[in-house]
Each structure stands twice: as C-alpha cells, then as structure tokens.
Enquirer: 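This structure is in structure tokens; I'll ask about it shortly.
Note that the numbering runs from 1 along the sequence shown for the chain.
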Amino acid sequence: MATRALVLGGGGVTGVAWEIGMLTGLAGAGAGTDLTDADVVIGTSAGSVVGALVAGGVDAQAMYASQLAPPAAEIPARLGAGMILRWAWAAVGRRDDQKARARIGAMALAAPTLPEADRRAVIAARLGDQGWPDRRLLITAVDARTGEFVVFDRDQDVDLVDAVGASCAVPGVWPPVTIGDRRFIDGGVRSPVNADLAAGYDRVVILAPVTASFGPANRLSRHLAALGTDVVLIRPDKAAKRAFGRNVLDPAHRAAAARAGHAQAELESARVAEVWGRPAQRE
C-alpha cells in the first residue's frame, strides 16, 4: 500500500492560518482531498502547531473557525528585516551549516525575550489538552548551543508542548525552550520546510508558507531532489502573500491569511488530488 506524507513548513502566525485554510479548503474542493489522513505529518515551526493539531485528530473546520475569530489578547511580536539580517549575518560565510546554526543559537540565547514559562503557556493554549498522537508526527528543532538538528517524535521522553514550543522558538523573538539540560530553537533555522524528512514515502504534499533558507545544503530544491516523483509543493499565491502583510507574527492578519489559503485550495485541488490518490510509482 502506498504511503503518504504531509509536510507543513514554517511561516509564523499567518503561516499557521494559511495552512489551516489550505487543509480545510482542499477537503471541500473538487473531489475533496483530506490530507489529514497522512501516514506521517512533518511539522516545522508554524507547521509543528498545525501538524500537532492535525495528527491529534482536531476537526479541520473547527481549526479554520478558530482562525477566523477575532484575535484574543496575545503577546505581540515582530519579525522584521533587521532580525532576518542578523540571522543572515550569523550564517554568512560559514561553510559548516551546524556551526552557522550554533551562531544563530548563541544570538537567541543572549537575546532579551519574555519568560520561557509565559511563552510555554501560549503554546499549551494553542494545542489544548493533548499529548503525542498515535499517528506518526515529526517535529523539528535545533540545539541552540551546538547547532545540531533534532527531530522529536512520540518515542522520546519530551512533552508535546515543549517539542512544538522548541520548533516555534524564533531566534531573537521567543526564548529558546529548555528540554532536559539542552535548549532548543526554531526548526526553521535548518530549513523552513525540512522536506527531506519525507524521503521514503510514496506520495508527498508540502505546504510551505516560506521557502527561503540561508545555507545551500538545506535549500528546498535540494531537499525535493531526495523525494520521489509524486510530490506536490504548494506555496502562497499573490493573494495569500498580500494577506500575510509585512509581519508574519501579527495576529491581526490571521483571518485574512486563513481565507486566502482556503481560496487558493480551489486552484490547487486537482493536482493535489491526483498525487494523493495516485497509485505509487515503482521502478
């Protein structure tokens, strides 16, 4: 039987909304393609939040409705050009990707942020009362001190809230997450998508709000080369990018981003359905 992987990339608050809009729209568009029945869900940063909800069986329509609701009081954050330039400076000229990630991690460890416990409470509220699901869920993060790329799953002794919090710990914006004696930052520091983790699955659908990366070794094009031919990559269209606004961490743009994802799903439904339901190709 063919195996299927759903890959959910990073992209902030608006990325969460767009991905949920896409999933809900695809389920209702055309023949109706339910990506939530994937054999594995791979989540990075924003995608780890959506992935945890999807793998945990949270109803897609309920998720979508929550994105359309007026934003509650949330801790404000901003991801501007200055922060992205600081990440680029930390990584530029480093041939060793892990060392480059460690430099970004050092910046994150030194940055003034809100208390870690306050941020954890926000993640816990988003996930609700759930632990690791039975369905295979992979959540990416990076060790802030060593730059090591780490993939969390249910077989490790790590709380789901902490795993998702680590994957969402944007350097310089949110505090690194403590797990045991280690501290972790956003899995997007390695790659905003980490699509290579889907290697070995027959059919792959990738929702990628952001695709740009700092190091050539982890560019999406290289990761896609590690996958088979039954792959669909969906990136935000022009309308979705406008809906995101200039700050992907601004909850005020959440509803517009969710609606844009839902609308875009109609345009993408045919090619997603073709791959998700196509018999596996074997040599």
Side-chain angles (χ1 to χ4, degrees), residues 1-11 15 18-58 60 63 132-140 149-156 163 167 187-188 190-211 213 217-236 261 264-283:
M1 180 179 293
T3 54
R4 298 181 289 192
L6 172 62
V7 181
L8 300 165
W18 177 79
E19 289 177 350
I20 289 174
M22 284 291 310
L23 292 171
T24 309
L26 287 169
T33 303
D34 183 8
L35 297 180
T36 67
D37 64 359
D39 297 290
V40 66
V41 179
I42 300 166
T44 293
S45 198
S48 72
V49 176
V50 180
L53 295 173
V54 165
V58 177
M63 287 193 290
W132 284 93
D134 292 333
R135 181 170 300 171
R136 184 160 171 73
L137 171 65
L138 304 181
I139 294 178
T140 68
F149 178 60
V150 176
V151 181
F152 296 115
D153 63 19
R154 64 172 176 257
D155 296 329
Q156 301 173 46
S167 192
R190 190 244 186 180
S191 162
V193 185
N194 292 301
D196 56 322
L197 294 180
Y201 286 85
D202 300 310
R203 307 168 187 160
V204 181
V205 172
I206 303 166
L207 303 185
V210 176
T211 58
S213 61
N218 292 308
R219 286 177 181 158
L220 181 57
S221 58
R222 184 167 294 190
H223 284 188
L224 290 176
L227 307 181
T229 56
D230 285 350
V231 179
V232 173
L233 167 64
I234 302 177
R235 291 179 271 206
Q264 187 179 348
E266 183 69 35
L267 305 176
E268 306 285 358
S269 61
R271 67 189 187 111
V272 172
E274 181 184 5
V275 165
W276 207 243
R278 178 192 299 170
Q281 295 183 2
R282 298 294 190 189
E283 293 185 4

Enquirer: Do the non-hydrogen side-chain atoms of Glu19 and Pro209 ever get within less than 4.5 Å of each other?
Expert: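 Glu19 vs Pro209: side chains touch.
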Enquirer: Is it the case that more than 12 heavy atoms not belonging to Arg235 sit under 6.0 Å from its CZ atom?
Expert: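 Atom CZ in Arg235 is not packed in, count stays at 12 or less.
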Enquirer: Which pair of heavy atoms, one from Trp276 and one from Asp34, lies closest together, and at what distance?
Expert: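 Where Trp276 meets Asp34 most closely, the heavy atoms are NE1-O, 3.4 Å.
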Enquirer: When you check the gap from the basic side-chain N to the acidic O, do Arg203 and Asp39 get nearer than 4.0 Å?
Expert: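 Here Arg203 does not pair with Asp39 in a salt bridge, since their nearest N and O are not under 4.0 Å apart.
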Enquirer: Quick one, Leu23 and Val50 - any side-chain contact, counting heavy atoms below 4.5 Å?
Expert: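 Result yes, sub-4.5 Å side-chain heavy-atom pair found.
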Enquirer: Pairs in or reaching into residues 45-54: which pass side-chain hydrogen bond (donor to acceptor under 3.5 Å, both in side chains), with residues at least two apart or in two chains?
Expert: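 Output for this query lists Ser45-Asp186.
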Enquirer: What closest approach, in Å, do Val41 and Ala55 show between heavy atoms, and which atom pair accounts for it?
Expert: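 In terms of heavy atoms, the two residues are closest at CG2-CB, 4.4 Å.
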Enquirer: Tell me whether the count of non-hydrogen atoms from other residues, nucleotides or ligands lying under 6.0 Å of CG in Asp155 goes above 12.
Expert: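 Yes - once you tally the heavy atoms of other residues, nucleotides and ligands closer than 6.0 Å, there are more than 12.
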Enquirer: Output, in order, the C-alpha distance, side-chain angles, deciding distance and verdict of side-chain contact (heavy atoms from CB on, under 4.5 Å) for Val193 and Ile206.
Expert: CA-CA 8 Å; Val193 185; Ile206 303 166; 3.5 Å; yes
Enquirer: Check whether any side-chain heavy atom of Ile42 sits under 4.5 Å from a side-chain heavy atom of Leu6, and report yes or no.
Expert: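 Counting from C-beta outward, Ile42 and Leu6 never come under 4.5 Å.
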Enquirer: Any chance you could measure Thr140, atom OG1, to Phe149, atom CZ, to the nearest 0.5 Å?
Expert: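 Thr140 atom OG1 to Phe149 atom CZ measures 5.0 Å (nearest 0.5 Å).
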Enquirer: Closer than 4.0 angstrom, basic N to acidic O: yes or no for Arg4 and Asp37?
Expert: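 Result for this pair is yes, salt bridge flagged.
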Enquirer: Any chance you could measure Glu268, atom CD, to Ile234, atom CD1, to the nearest 0.5 Å?
Expert: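 Reported value, rounded in 0.5 Å steps: 4.5 Å.
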